[in-house]
Undergrad: 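Once you've had a glance at the structure underneath, I'll fire off some questions.
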Amino acid sequence: TAGGPPKPRGRPWSVIADPMHCGIDELWFDRFRLVGPMRLETPMRLRVRGPMEFSKVRLGLSSGKLMAGRETIFDGLRLDVSATVHPLVPKSARRLALFRFLSGRFDISSRAASLFFLDAYFRKTPWLHFNDAAPGRAVLVLDHGKLQPGTSLEVTNKQVDMVILDRHLTGDGVIRGIVETADGAPKSTLTARLHSFQIAPIDGTRPFARGRNAHLVATSYSPDLANPFTDVHIVFDQPDAEILDLSFYNSLFPPASKFRLLSGSGTLRYHLEGSQAERSLHGRIDLDIHQASARYEDFEMRGGFSLRTALRQASPREMPSDISGTRLDVHAADPRWTASFTFPKARMRFSDPMAVNASVRLEMMDTRPLVAMFDALKGVPSWLQRMMTIPDIKGSVAVTARQNDVDLTDLDVTGRGLHALADLTLGKKSKEGVLYLRFHGFSVGIQLTGTGKDLKLIRPLRWFEIQRAQRRQAAQQGRR
């Protein structure tokens, strides 16, 4: 009757099947789809509008595939599962949360295992990615979705395909994974070793270097498939790789610099480390070049250089990376010349268009390349040329390099009998700016324009200071 006591609810209905034996052609779980003739044996307990449980699952697949949407993750798949599905309500076990209800042993082998599945391991390290597919085997031992000791992975691939930062490494190698106990907790270790490899830019296929025995190690103390690998730490080591095409590095020089590497031989080394917490890489990139030739405009140089890039923070390729502490040592053979350049503060974007913002300290054997860069020797008397070639040079400059121009500001150089100041802009077709030189008691100002140069002999330092102030004021107004 209306207003009477509520009718007591009966005992929930339960469905018990013990055991079930059946054949299955497709099995869906979230966006993943297992396709192929499977045999399934399991007891089932199901409470209507409540949890379901499969306490002892045996699933076998002799040949099939695992798909994520339309992408095949494992082809030619063999699967042997002995597991438990703990009590769960399906609507609370969506996506990765499903793994929290899984325990047991999953033996997986495939003739074509897509390395797409490693993205879960490296999902919070965006500067590292694996491509391609290869034969492989994995044994997963789970306890409520967490990988346990006994878990292993091995993928042998003649075409390992790996992207790290803005470099594309391909070669012959093997990827292995293992879970073991360390400090009383499960620890996962994934290694990728390339026995032989070649390096190309990320958007290109032509290699510029090749080598042997590159090695990547990734470790995690959170091997949880429901919340994958939140504390991954990565170490990448690449021993000396042979430079095949030195001109590749011309992409790092803006066209406005008018500097080009022509040829040479040498080696390239990487040591990089990073973690999920840092969201970036740090380490060193060493480039040693011998018997190189380079050209600045019509001035050709021969020799070599050693570049020690201190990578303090390497971000995804479209963002500037902190390379403060980098050092460049240069030696030329004909004519003999040496110099070193250090970068106390520097940020560089390696992608196209390249950009650099750096403070530079320099030490040079003498001023020959410097005055050639300023175009200050052409057309001046020979006695003035000899006077402008000054030994024991030290100085500093701020460099801002973009795709179409390079700004050199606050150039301050001293040497034996020399003091030079300059603010310059190097463009694609011309250079312009102001330069002050004092050497051997003689002072001169030089104004460079798109059409030539003009020497200033009357109060040149005062003229230079006025011109530099006007240039900077104009630049500030242009940025407003």
Side-chain angles (χ1 to χ4, degrees), residues 9-36 38-61 64-68 73-74 77-110 117-121 123 137-153 177-182 184-188 220-232:
R9 303 185 66 175
R11 183 178 179 181
W13 282 85
S14 295
V15 178
I16 300 174
D18 191 6
M20 294 192 304
H21 298 269
C22 59
I24 302 174
D25 293 322
E26 281 195 18
L27 181 61
W28 287 78
F29 45 101
D30 199 63
R31 68 189 184 101
F32 298 100
R33 180 162 51 109
L34 196 59
V35 180
M38 290 166 273
R39 63 187 185 278
L40 173 66
E41 177 182 340
T42 180
M44 180 186 74
R45 298 180 64 90
L46 169 63
R47 194 174 70 189
V48 176
R49 299 189 182 91
M52 58 193 307
E53 176 184 6
F54 302 87
S55 59
K56 191 176 181 180
V57 178
R58 291 287 298 167
L59 178 68
L61 172 65
K65 62 177 65 176
L66 176 64
M67 305 185 70
I73 302 176
F74 296 112
L77 174 64
R78 293 173 59 90
L79 183 63
D80 186 10
V81 175
S82 178
T84 296
V85 180
H86 302 285
L88 80 154
V89 177
K91 67 180 181 180
S92 66
R94 296 176 179 174
R95 299 187 177 180
L96 295 179
L98 174 64
F99 285 109
R100 189 69 71 227
F101 300 92
L102 291 180
S103 296
R105 187 178 190 274
F106 301 74
D107 193 332
I108 306 166
S109 61
S110 172
F117 73 91
L118 291 179
D119 282 355
Y121 201 104
R123 67 191 179 108
R137 184 185 177 204
V139 176
L140 307 182
V141 181
L142 296 182
D143 181 3
H144 290 81
K146 296 181 179 180
L147 292 173
Q148 299 298 303
T151 295
S152 63
L153 164 73
I178 190 172
V179 176
E180 55 192 348
T181 301
K187 172 188 175 184
S188 66
S220 174
Y221 282 90
S222 62
D224 184 352
L225 297 185
N227 186 22
F229 310 102
T230 56
D231 67 343
V232 175

Undergrad: Once side chain to side chain contact (heavy atoms under 4.5 Å, CB included) is applied, do any residues pair with Arg39, and if so which ones, sequence neighbours excluded?
TA: none
Undergrad: Arg78: which residues meet the side-chain hydrogen bond (donor to acceptor under 3.5 Å, both in side chains) condition with it, sequence neighbours left out?
TA: none
Undergrad: Rounded to the nearest 0.5 Å, how far does CG of Leu59 lie from CG of Leu79?
TA: 5.5 Å
Undergrad: Got Lys56 and Pro43 here, is their nearest side-chain heavy-atom distance under 4.5 Å?
TA: yes
Undergrad: Tell me, please, which residues at least two apart from Ala182 pass side chain to side chain contact (heavy atoms under 4.5 Å, CB included).
TA: Lys187, Tyr221
Undergrad: Side-chain contact test, heavy atoms from C-beta onward, threshold under 4.5 Å: evaluate it for Leu147 versus Leu142 and give yes or no.
TA: yes
Undergrad: Hey, what do you get for NE2 (His144) to CZ (Phe101), rounding to the nearest 0.5 Å?
TA: 8.5 Å
Undergrad: Please enumerate all residues that pass side-chain hydrogen bond (donor to acceptor under 3.5 Å, both in side chains) together with Arg137, with sequence neighbours excluded.
TA: Asp107
Undergrad: Mind checking side-chain hydrogen bond (donor to acceptor under 3.5 Å, both in side chains) for Asp80 and listing every partner two or more places apart, or none if nothing turns up?
TA: none
Undergrad: With sequence neighbours excluded, tell me which residues meet salt bridge (charged side-chain N to carboxylate O under 4.0 Å, His left out) with Glu180.
TA: none
Undergrad: Using the test side-chain hydrogen bond (donor to acceptor under 3.5 Å, both in side chains), find all partners of Ser103 that sit at least two apart in sequence or belong to another chain.
TA: His86
Undergrad: Could you please spell out the steps behind the side chain to side chain contact (heavy atoms under 4.5 Å, CB included) verdict for Thr84 and Leu102?
TA: CA-CA 6 Å; Thr84 296; Leu102 291 180; over 6 Å; no
Undergrad: Would you confirm whether Thr151, through its side chain, and Val141, through its main-chain N or O, come within 3.5 Å as a donor-acceptor pair?
TA: yes
Undergrad: What closest approach, in Å, do Val232 and Ser220 show between heavy atoms, and which atom pair accounts for it?
TA: CG2-CB, 4.1 Å
Undergrad: Shortest non-hydrogen contact from Leu153 to Ala138?
TA: CD1-CB, 3.9 Å
Undergrad: Indicate yes or no: at least one non-hydrogen side-chain atom of Phe32 is less than 4.5 angstrom from one of Ile73.
TA: yes
Undergrad: Measure across Lys65 and Met67 and return the closest heavy-atom pair with its distance rounded to 0.1 Å.
TA: CD-SD, 3.7 Å
Undergrad: So, do Met52 and Leu88 sit near enough that their side-chain heavy atoms are less than 4.5 Å apart?
TA: yes
Undergrad: Evaluate the side-chain proximity of Leu34 to Ile24: yes if any heavy-atom separation is below 4.5 Å, no if none is.
TA: no
Undergrad: Give the minimum heavy-atom separation between Gly36 and Leu61, together with the two atoms involved.
TA: C-CD1, 3.7 Å
Undergrad: Thr42: what forms a side chain to side chain contact (heavy atoms under 4.5 Å, CB included) with it, not counting sequence neighbours?
TA: Met20, Leu40, Phe54, Val57
Undergrad: What pair of heavy atoms forms the shortest contact from Gly145 to Asp224, and how long is it?
TA: O-OD1, 3.6 Å
Undergrad: So which heavy atom on Ala83 is nearest to which on Val81, and how close?
TA: CB-CG1, 3.7 Å
Undergrad: Ignoring hydrogens and angles, tell me if any N or O in the side chain of Ser152 forms a donor-acceptor pair with the backbone of Ile178 under 3.5 Å.
TA: no
Undergrad: Side chain to side chain contact (heavy atoms under 4.5 Å, CB included) with Ser82: which residues, sequence neighbours excluded?
TA: Arg58
